[in-house]
Amino acid sequence: YEIRPRDWSSDVCSSDLARGRADTVAEVVVSAVAEARVGGASQAVACRRATALARADGASVERCDEHGPRIEVEVSRAGARGRAAAELSW
């Protein structure tokens, strides 16, 4: 299988450290969801696992969606929101 990160949008401000950290957490979370899905976990189980991972970093998962092979997550951390997406193919 292959996990290919995708840019969510071009609205990322590189000077915003809080947003950057939230984006990094979102990337880790979307990777965890993708790995769980490829491993056979249901979307609900994968999102629950990812939520636990985000909490360990002081973040919360606001959205965890799957649209065909595309997985999208949004997390909040320290007052900032981060977004990430991945597209699965195998």
Side-chain angles (χ1 to χ4, degrees):
Y1 70 92
E2 178 183 5
I3 300 174
R4 292 177 285 156
R6 300 286 186 196
D7 289 335
W8 180 282
S9 67
S10 60
D11 67 350
V12 176
C13 178
S14 62
S15 64
D16 183 351
L17 295 179
R19 170 73 185 261
R21 180 63 181 153
D23 283 338
T24 300
V25 173
E27 290 170 11
V28 170
V29 169
V30 81
S31 293
V33 172
E35 184 176 326
R37 291 294 285 139
V38 169
S42 69
Q43 179 185 359
V45 169
C47 287
R48 279 196 301 271
R49 290 179 187 169
T51 297
L53 181 65
R55 278 193 202 127
D57 198 287
S60 62
V61 175
E62 302 298 328
R63 192 164 65 81
C64 182
D65 293 327
E66 192 171 314
H67 306 282
R70 185 176 172 86
I71 298 168
E72 300 172 352
V73 298
E74 184 173 354
V75 301
S76 62
R77 183 178 188 282
R81 288 192 182 267
R83 298 177 181 154
E87 190 168 312
L88 301 180
S89 64
W90 60 86

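No experiment lies behind these values; they were computed from the predicted model shown.
- Side-chain contact between D65 and I71 is absent, with no heavy-atom pair separated by less than 4.5 Å.
- The closest side-chain heavy-atom distance from R37 to L88 is below 4.5 Å.
- Just one residue in the list V61, V73, V29 forms a side-chain contact (heavy atoms from CB on, under 4.5 Å) with T51, and that residue is V61.
- Nearest heavy-atom pair across A22 and A80 is CB-O, 3.9 Å.
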Apply salt bridge (charged side-chain N to carboxylate O under 4.0 Å, His left out) to the pair R83 and E72, showing each step before the final yes or no. CA-CA 7 Å; R83 298 177 181 154; E72 300 172 352; over 6 Å; no
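- Rounding to the nearest 0.5 Å gives a distance of 10.5 Å between CZ of R63 and SG of C47.
- Between atom CD of residue Q43 and atom CD of residue E66 there is a gap of 4.5 Å, rounded to the nearest 0.5 Å.
- Residues satisfying the side-chain hydrogen bond (donor to acceptor under 3.5 Å, both in side chains) test with D57, not counting sequence neighbours, are R21, R77.
- With R49 contributing its side chain and L53 its backbone, the two residues share no donor-acceptor pair below 3.5 Å.
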Show the numbers, then the answer: is there a side chain to side chain contact (heavy atoms under 4.5 Å, CB included) between C64 and V33? CA-CA 9 Å; C64 182; V33 172; 4.0 Å; yes
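- Between V25 and A59 the shortest heavy-atom distance is CG1-CB, 3.8 Å.
- Across every non-hydrogen atom of A36 and A46, the tightest pair is CB-CB, 3.7 Å.
- Looking at residues two or more places apart in sequence or on another chain, you find a side-chain hydrogen bond (donor to acceptor under 3.5 Å, both in side chains) between S76 and S60, E62.
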